[in-house]
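Below: one structure, written as structure tokens.
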2 protein chains.
Amino acid sequence: MVKSGKVTMSDVAQLAGVSPMTVSNVINDRVRVNEDTRARVLAAIRESGYQINPSARNLRSGRSGVIGLAIPQIGNPYFGMFAALVIEEARRHGYHVAIEQTGALAAGEAAAIAQSRRLELDGLLLSAVEIESLVPPVSVQSYPIVLLGEQDPAGRFDHVTVANEAGTAAATEHLIDQGCSRIAVVTGGDLDRLTMITRRYNGYRSALEDRGLRPDPELRFTLDDLSWEGARSTGHWIADSDLGIDGVVAFSDTVAMGVMRGLRDRGVSVPDDMRLIGFDNVPESAIFIPSLSTVSPDHRWKAAKAVDLIVSRIADPTIPPRQFTAPFEIIRRESTA
Amino acid sequence: MVKSGKVTMSDVAQLAGVSPMTVSNVINDRVRVNEDTRARVLAAIRESGYQINPSARNLRSGRSGVIGLAIPQIGNPYFGMFAALVIEEARRHGYHVAIEQTGALAAGEAAAIAQSRRLELDGLLLSAVEIESLVPPVSVQSYPIVLLGEQDPAGRFDHVTVANEAGTAAATEHLIDQGCSRIAVVTGGDLDRLTMITRRYNGYRSALEDRGLRPDPELRFTLDDLSWEGARSTGHWIADSDLGIDGVVAFSDTVAMGVMRGLRDRGVSVPDDMRLIGFDNVPESAIFIPSLSTVSPDHRWKAAKAVDLIVSRIADPTIPPRQFTAPFEIIRRESTA
DNA sequence: TTGTATGCGTTATCAA
DNA sequence: TTGATAACGCATACAA
């Protein structure tokens with residue numbers, strides 16, 4: 001067993017007494033190779049500790065077998081869980097996933113990512129926050145892109161999304177069904193652009209209106225910081241406000257848990273004093289105390305669909321953009337009991 | 001703006017009226033290039049939508065600028081948090097990080113990973129669970145490896161670890177200081193080999209002995225499943241046992257949170273009926289209700305050190321293996337109040 | 001300061 | 001069934 005490092009295909013070929021091409025054929029089993037030869041080659045590969053050089057292979061073949069998954073924060077429970085599913089689904093199609101952390105970026109950073117790539121990607125699953133600004137630089141890419149979560153206003157990309165409006169509407173109605181009438185909403189950032197957050201806010205609003213409740217601007221709380229600590233502070237504001245709030249719709253489970261913590265800091269009890277519902281059904285939400293009611297999109301479905309889309313588009317870049325929305329259900333847990 | 005895709009350096013060169021080599025020099029700014037020429041080249045790059053071909057560059061240069069980070073579960077809060085730190089630290093050194101999910105693998109799978117790489121890596125940060133079985137196949141790798149968390153019994157690799165024994169000992173002593181005398185421990189897997197988990201168990205044991213408490217085998221609970229649900233079940237067992245347990249040391253925060261949930265399912269209150277402490281100080285532990293006391297290793301220090309090690313070893317593979325242990329502190333929160 | 005020649009390790013093509 | 005040849009796109013070494 002040679003110490004490896006720079007064993008090339010030619011070395012293996014020499015060792016096995018065949019041509020490099022035959023080694024290549026064995027490795028990729030492209031054509032029928034004599035059983036004897038194949039065995040000799042395999043033995044030589046083992047003996048030499050040969051490992052294929054991906055760069056050379058990619059350069060020659062034009063494909064890398066790698067798809068990128070760009071997400072804002074790898075440490076976020078939602079993205080972590082989703083990444084694991086994408087990895088699994090991609091493996092079924094023979095693809096490897098390279099995870100990219102974008103950090104909820106704006107245009108300039110997107111461009112940087114696009115240019116500074118050190119990885120050869122066959123395609124990219126892009127879970128972006130700021131699609132509008134992201135699209136121009138991103139369209140220069142040389143590989144297909146599938147958008148996750150957000151939608152491209154111009155409709156130029158495949159995308160898989162979740163039922164943002166319907167999901168939040170159902171969540172809001174669930175609170176109403178549980179007897180809430182002063183329902184606050186926790187959003188993030190501004191609502192001028194039609195982002196995921198805006199869609200979720202719209203779902204909340206329309207559910208209130210459908211059920212004859214008047215959306216009250218005072219009941220809208222905006223996160224100035226998407227971290228858990230930011231959400232916790234929002235919980236403090238809600239607790240300290242004197243608005244008779246008896247229910248809260250948060251735009252994500254992560255935020256919901258932070259808000260719960262903030263409420264708890266102020267001695268507000270969930271669900272006794274106030275009910276609360278999130279969005280995503282991250283694994284943590286079942287474990288949290290109290291466990292968190294939430295909108296649960298079918299994440300596996302979403303991951304599988306995203307991978308299907310990118311794989312098919314890699315195969316044929318000319319097909320027109322396709323769009324899918326993952327099914328969801330409301331999970332009732334202690335936080336809205 | 002050409003639609004890109006297969007614009008090569010030669011195309012850019014032609015467009016700018018220079019040689020390919022000059023384009024290369026501008027891109028990598030290796031030698032001094034005339035300001036005029038540089039401007040022309042940059043314009044040509046923008047105009048053509050040129051993007052460097054990483055495969056060709058890597059093939060030629062022998063380096064990819066990418067280090068791998070192999071972790072068992074990307075969805076696990078600890079690994080997610082740690083990955084984010086590694087990405088940051090690597091960027092400082094001009095490296096890109098490719099995250100690899102190994103799934104708490106055994107030898108065969110490790111070999112598979114080693115062989116089936118589709119990424120060209122300059123080095124690998126390996127956060128392994130099963131080091132002993134992992135090492136043989138992994139040593140065939142053609143790039144440097146730094147071990148995280150676990151240690152190589154044979155001492156052949158650089159590694160960065162945390163104070164597993166001292167940390168858990170301090171955690172156990174904290175419980176004793178808080179008045180606990182029947183302290184259970186939650187471990188995972190068998191304790192025959194000197195894994196991270198065994199070290200943490202040893203810390204618990206030695207702290208008990210140091211403080212004149214007898215380690216009771218009945219108070220050791222073993223997870224049969226590292227998931228949150230597994231930990232939750234363990235919480236049920238602890239609650240249902242009639243052993244007078246008044247404190248619990250869990251080998252990780254994730255497990256601790258699952259156990260808390262299990263205790264809560266049975267109406268056991270933390271910290272009133274039972275105190276509980278974890279290990280890792282993941283972001284979730286500050287938010288959890290009750291917030292979780294824990295052993296907090298300096299994760300940023302650990303990430304920075306790991307990146308330092310791999311970068312220096314890439315530069316000079318001949319230096320002897322080095323080993324570091326991250327400092328830690330005990331974080332006191334509600335769960336042991 | 002810029003250009004020319006050459007080869008990195010692999011695979012597509014075609015010939016034997 | 002196997003092998004010879006060329007080429008993928010870039011950067012190193014050296015020459016101009």
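Below, each value reflects all heavy atoms present in this structure, side chains not excepted, and no hydrogens, waters or symmetry copies. Each chain gets a letter, A, B and so on, in the order the sequences are listed, and its residues count up from 1.
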Practice problem: Using the test side chain to side chain contact (heavy atoms under 4.5 Å, CB included), find all partners of B/Met81 that sit at least two apart in sequence or belong to another chain. | Solution: B/Tyr78, B/Pro283, B/His299
Quiz item: Can you find a heavy atom in the side chain of A/Phe324 that is under 4.5 Å from one in the side chain of A/Asp308?
Solution: no
Quiz item: OP1 or OP2 of C/dG3 sitting under 4.0 Å from any side-chain N/O of B/Thr22?
Solution: yes
Quiz item: What string of B, S and - do you get for nucleotides 11-16 of chain C 5' to 3' if you count protein non-hydrogen atoms under 4.0 Å?
Solution: BB----
Quiz prompt | Interatomic distance where CZ belongs to B/Arg38 and P belongs to C/dT1 [whole Å] | solution = 11 Å
Quiz item: Rounding to a whole Å, what distance do you find between B/Arg40:CZ and C/dG3:C1'?
Solution: 14 Å
Quiz item: Quick one: are A/Thr37 and A/Arg40 in side-chain contact, heavy atoms under 4.5 Å?
Solution: yes
Exercise. Rounded off to whole Å, could you give me the CG-to-C1' distance for the A/Asn53 and D/dC8 pair?
Key: 13 Å
Quiz item: Should we count CZ of A/Arg300 as having more than 12 external heavy atoms under 6.0 Å?
Solution: yes
Exercise. Have a look at B/Thr37 and say if it touches a base, only the backbone sugar-phosphate, or nothing, with a 4.0 Å heavy-atom cut-off.
Key: sugar-phosphate
Quiz item: Over its full length, what angle do the end axes of the helix from C/dT1-D/dA16 to C/dA16-D/dT1 make, each axis taken from five pairs and the result rounded to 10 degrees?
Solution: 30°
Practice problem: Take the protein atom CG of A/Asn58 and the nucleotide atom P of D/dC10, then report the distance between them rounded to whole Å. | Solution: 14 Å
Quiz item: Can you tell me how far P of C/dT10 sits from CD of A/Glu120, to the nearest Å?
Solution: 16 Å
Self-check item: Whole-Å gap separating P (D/dG9) and CD (B/Gln14)
Solution: 14 Å
Quiz prompt | A/Arg92: partners by side chain to side chain contact (heavy atoms under 4.5 Å, CB included), with sequence neighbours left out | solution = A/Glu89
Practice problem: Please report, rounded to the nearest Å, how far the C1' atom of C/dC8 is from the CG atom of B/Leu59. | Solution: 4 Å
Quiz item: Within the distance-only criterion (no hydrogens, no angle test), does the side chain of A/Ser64 pair as donor or acceptor with the backbone N or O of A/Glu120 below 3.5 angstrom?
Solution: yes
Self-check item: Where at least one partner belongs to residues 61-74 of chain A, residue pairs that pass salt bridge (charged side-chain N to carboxylate O under 4.0 Å, His left out), sequence neighbours excluded
Solution: A/Arg63-A/Asp122
Quiz item: What residues form a side chain to side chain contact (heavy atoms under 4.5 Å, CB included) with B/Arg313, not counting sequence neighbours?
Solution: B/Pro144, B/Asp158, B/Ile319, B/Arg322
Self-check item: Protein-nucleotide distance (B/Arg63, atom CZ; D/dC10, atom P), rounded to Å
Solution: 17 Å
